[in-house]
Amino acid sequence: MRSCGRIARSTVTTRRNRSPRGWSESRAITVSICCGGGVTANCRFGDEAAELAAAESESTEGIDALVISERGGRVRAAIAALPEKYRLPILLAYYDDASYDEIAEALGLSRNHVGVLLLRGKQALRKTLAPSEEESR
Amino acid sequence: VTHPTELALAMLADDALEAHDAVEVEQHLAGCDRCAAHVAALREESQALEAALAYDPASVSVRSSSSRPASVRW
């Protein structure tokens, strides 16, 4: 197994500054994460090229699965069950309102790699949330 | 017709494409109903994610107890 090398601990704080509804206005969320150089990031977040190939080969079927999942709890449970490499970028982007550049800096990844992980994470959510054949009957 | 990659469409939907790439993809969308509809669906999906998380984000843990890779020492 490839060594992850030395890990630098950093704390990333971003602020959600638009909150039209929900549980708090302008609540700061601090995500304490460990991130380091590219080697470490690749250990945690997978190889960008391999993830991209998987993302591009994925069917777009079920793209409306999240939208029609009216029960937010089901979506949140699906997010909580995602592997960390997909869950962290999704939470930073869609809960914390962080930009791709902010996420890239926080996780020690390239901007494109962030895009790939977000895409893969959403593809995984679609599969989880897609109505089963029985439900759609 | 060569369509933009899934990644390019997803990044455009999140307003995360570099400006010159965004212009190129937008030009494609103007003449491709299929890709335009796909980007619209991706935007709707992102909004659904934001809405689901805004409702009660505390229920989703950023770091689960099982998330730490065994190979990484902290």
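Within every chain, numbering begins at 1; the chains are lettered A, B, ... in the order of the sequence lines, protein sequences first and strands thereafter. Remember, predicted model here, so these are calculated numbers, not experimental data.
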**OP:** Report yes if the side chains of V114(A) and L118(A) come closer than 4.5 Å at any heavy-atom pair, otherwise no.
**Re:**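 A side-chain contact under 4.5 Å exists here.
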
**OP:** For residues L117(A) and I103(A), determine if any side-chain heavy atom of one lies less than 4.5 Å from a side-chain heavy atom of the other.
**Re:**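 A side-chain contact under 4.5 Å is absent here.
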
Original post:
When only pairs under 4.5 Å are counted, which of I90(A), N112(A), D101(A) shares the most heavy-atom pairs with chain B?
Top reply: N112(A)

**OP:** Could you pull out all residues at least two apart from S110(A) that satisfy side chain to side chain donor-acceptor pair (under 3.5 Å)?
**Re:** E48(A)

**OP:** Check step by step if side-chain contact (heavy atoms from CB on, under 4.5 Å) holds for L49(B) and I79(A).
**Re:** CA-CA 9 Å; L49(B) 265 178; I79(A) 292 171; 3.6 Å; yes

Original post:
At their closest point, which heavy atom of D14(B) faces which heavy atom of S46(B), and how far apart are they?
Top reply: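 Reported closest heavy-atom pair: OD1-OG, 3.1 Å.
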
Subject >> Any donor-acceptor N or O pair under 3.5 Å, side chains E6(B), H38(B) >> reply: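 E6(B) vs H38(B): donor-acceptor pair found between side chains.
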
Subject >> Donor + acceptor pair across side chains of Y86(A), E51(A) (<3.5 Å) >> reply: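 Result is yes, a qualifying pair exists.
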
**OP:** Under 4.5 Å heavy-atom distance to chain A, tell me which part of L17(B) shows up: side chain, backbone, both or neither.
**Re:**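 Only the backbone of L17(B) comes within 4.5 Å of chain A.
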
**OP:** Determine which residues belonging to residues 18-31 of chain B lie within contact range of chain A, meaning some heavy atom pair is under 4.5 Å apart, and list them by number or answer 'none'.
**Re:** E18(B)

